[in-house]
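If you're wondering where the values come from, they're calculated on a predicted model, not measured in any experiment.
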Amino acid sequence: MSSPSQWGRRLEIMNNRNLGSFFPLSLIAAVGIISGASSIEAQDIDRPWMNPKLPPLERAELVLKQMTRDEKLALVHGNGMAHVPNWQMPLTYLSNGGAGYVEGVKRLGIPPIVISDAAYGVRDSGANGRYATAMPSNLGAASSWDSESACSYGEVIGAELRAQGFNMTLGGGVNLTREPRNGRTFEYAGEDPLLAGTLVGSMMKCEQNQHVIGDIKHYALNDQETGRSIVNAIISKRPMQESDLLAFHIAISIANPGAVMCSYNRINGDFSCENSYMLRDVLKKDWDFKGFVISDWGGTHSTEKASAAGLDQEEPMADYFGPRLKEAVDAGKVPLSEIDDHARRVLYAEFLSGVVDDPPHKGVIDVEKGFEVAQRVEEKSIVLLKNNQGVLPIDPSKVHSIAIIGGHADVGMLSGGGSAQVDPPGGNAIMPPGKGETHWQDHIWFPTSPLKALRAKLPDTKIGFDSGTDLKSAVSLAKHSDLAIVFAYQWISEDMDLPSLSLPDNRDALIEQVAAANPRTIVVLETGTAVTMPWLDKVAGIVEAWYAGSSGHKALANVLVGDVNPTGKLAITFPRSEKDLPHPVIPSLPPRDQALSYAVHYDEGPEVGYKWYETQHKQPLFAFGFGLSYTTYAYSDLSVDSSAKTARFTVKNTGKRAGTEIAEVYGRLPRGADESFKRLVGWKRVTLAPGESQTVTIAIDPRVLETFDEASDRWNLVPGSYEVLVGASSDNTPLTGSLSVH
Ligand code: BGC
């Protein structure tokens, strides 16, 4: 086990990661084949494992039998990380500029694993002289509640990874939003296990279908960044299983990923990457996961313990799974069967994902397709939070002048930082003076100006811009315009948590003053998580655009003018104040020599997000599942079929525009289950013309009705009467019915 000072060193290394300088679009090119991943004759008779018709596990077994011990040991560790000076090994130069590189077995036709981060797009492309699409943030895209969008999202990323020569992704974050100040909230899919698991699972399934090894991370309970490599997440089995682990299980069962990344933190005492309950008992035994467990970068802490617990591959170095593992095998401390199991799992993932049969070829990506998909996803992700007296969509016959204020809206839109960061074409659109290169904790802006996009949409409207730095001049522009739109942003990143959910840089005051000057003030938010809104009652409209990706400005302009009717609904609760959170304050770090005492007690158990607000009788600012449209909907006629486990009801578009309503179904367990909150059990996107009604049938997913019994380690469907609630959001469920379970 490493000492706290080693964790400190790791953190420093992570913080110093240099994203490199950016290259212009014109440098995108380079055709070739990644080294070692040579094309392979599928029917080679000397190599029966090359027969693509055989099941992946059988192929893995066949090739494993031919491998030497050293070849097997080479599969269980990385060989350094590009662009990180302290993480270099002799083979790092083969890494293709990504996060990691695992040697293959060339003589047997097993390609190396060439790994890149790719949460919302391929990372570090600029530093590698390449270009990648930035999709909207993962949290943004989760607001679409749309598995098809999630699939297109994954397909684009998978194809772009391959075009850069990568055959493994490190996307797939599905940690639940227990702590909305978590700096990685934008990389995850919200607070509900069914929604997050379904969307991340669908994204990764489609990404892996492009023939890259898929990954689901960070397993598990890595729900805050403060002290992430030491924090001990304390939570008992039932709540853990019914919340965070359920999200992982659902995602993994949909995606069938080649890999699962264990997280930095500890869980009930043991580090995730050497936690036998998490890895061996739950993931591999109960869930029957056949792929490999890859450590988060620098998240391995032992050799024998980690190997026995079920860690299969250390990344990005070989501190514990290199020479030390070999010695442990020689000394009989780690049985060879364990090495076989680790290697078999890595091989299985390679066969399963198709990277052996169809290695990546470098090439130029389909840039226009990336723009198109990113725009379509963002159009479904934008959430209309407030729209008093139809201030939106903008009606150019009535609105002749618009004041656009703040948020660098004249230049671009913000993105989320850390290892998820995607490089914008041409470099950071707002490069601080004197800076030539970008670091992973810089605020990075895409050259996607909402001002320009809106001017293109409304050529006959006078649209002025004020940076918002001088309150007086912003107020004056607002006063002399028919409509004011204030752009406000909140930047978040890996390796930090927010001190609060307030907007930074005195933006609350700017919004209040602009709203006081012009009652027709709209706020557009570019945020990675929830924000508090002391000015909520003073503004006429609020649009949450998240980190909007490569075509965010066009999607936003379409929503603002009504060419797209918003459909997105929140995948996280927006609280009124940090005081309402289960942990009003994130516990601060202890002194270095007491690092291991740092713990966070998840006493709220399964009451994550909306479940917490319901049991605590706290009114959120905006509830989970909430989002407005330019039309209105009515719900009626619920009937529940207990044997088929379905809810059937009618949704009617009662307004004057066509639209898509996300109809939500919740279930409340019988008394005996000992819980008082409702759980999301299903939903459907229903597209309706004005005046149209549709009867929809939604299957109630039994996995999310079950409870976990700690004594027997089993899931049960408690007999009794379950309340079924249907409506437009978690706090607006006008229809109720019941489902009986015998
Ligand atoms: C992050 C992972 C990431 C890895 C490689 C770590 O800091 O937690 O999500 O995949 O670095 O860059």
Could you tell me whether the side chain of [X] and the main chain of [Y] form a donor-acceptor pair under 3.5 Å?
X	Y	result
S449	D410	yes
Q208	G214	yes
S481	S401	no
N428	H443	yes
K684	T697	yes
N182	R178	no
S381	S143	no
Y153	C206	no
W145	K569	yes
N565	Y630	yes

Distance from [X] atom [atom1] to [Y] atom [atom2], nearest 0.5 Å?
X	Y	atom1	atom2	value
N209	M204	CG	CE	11.5 Å
L628	L384	CG	CG	5.0 Å
L503	T527	CG	OG1	8.0 Å
S729	L570	OG	CG	9.0 Å
I463	L454	CD1	CG	4.5 Å
T169	I157	OG1	CD1	6.5 Å

What I'd like to find out is whether the side chain of [X] reaches to under 4.5 Å of the side chain of [Y], using heavy atoms alone.
X	Y	answer
F446	P425	yes
R685	S149	no
L525	M533	yes
L498	T185	no
H249	R703	no
L170	S419	no
V686	Y633	no
R520	V399	yes

Just checking, is any N or O donor in the side chain of [X] or [Y] under 3.5 Å from an acceptor N or O on the other one?
X	Y	answer
D192	Y610	yes
T650	T695	yes
T687	T660	yes
E160	Q164	no
R184	H218	yes
T573	E191	yes
S551	E378	no

More than 12 non-hydrogen atoms from neighbouring residues, nucleotides or ligands closer than 6.0 Å to [atom1] on [X], yes or no?
X	atom1	value
K652	NZ	no
K554	NZ	no
R648	CZ	no
E692	CD	yes

Query - Intermediate values then yes/no, side chain to side chain contact (heavy atoms under 4.5 Å, CB included), E544 and F574 - result: CA-CA 11 Å; E544 174 59 87; F574 278 39; 3.5 Å; yes

Given I365 and V122, is the side chain to side chain contact (heavy atoms under 4.5 Å, CB included) satisfied, shown in steps? CA-CA 12 Å; I365 65 156; V122 183; over 6 Å; no

[X] versus [Y], closest heavy-atom pair with distance:
X	Y	result
A545	M413	CB-CE, 4.4 Å
P360	R162	CB-O, 3.5 Å
V200	A189	CG2-CB, 3.7 Å
G655	T631	CA-OG1, 3.1 Å
Q421	S415	NE2-OG, 2.9 Å
S147	T198	OG-CG2, 3.7 Å

* For the pair F622 and V383, evaluate side chain to side chain contact (heavy atoms under 4.5 Å, CB included) and give the outcome as yes or no after the intermediate values. => CA-CA 11 Å; F622 292 109; V383 184; over 6 Å; no

Checking Y547, F186, W445 against Y489 for ring-ring contact (aromatic ring centres under 6.0 Å, His included), the one that qualifies is W445

Practice item. Step by step, work out the side chain to side chain contact (heavy atoms under 4.5 Å, CB included) result for L536 and I542. Key: CA-CA 8 Å; L536 173 66; I542 305 172; 3.4 Å; yes

| said: Under the criterion salt bridge (charged side-chain N to carboxylate O under 4.0 Å, His left out), I'd like the reasoning laid out for R679 against D701: C-alpha separation, chi angles, the key distance, then a yes or no. | reply: CA-CA 11 Å; R679 302 170 170 206; D701 196 319; over 6 Å; no

Step through it carefully: locate the ring centre of Y120, locate the ring centre of W546, and say whether they are under 6.0 Å apart.
no

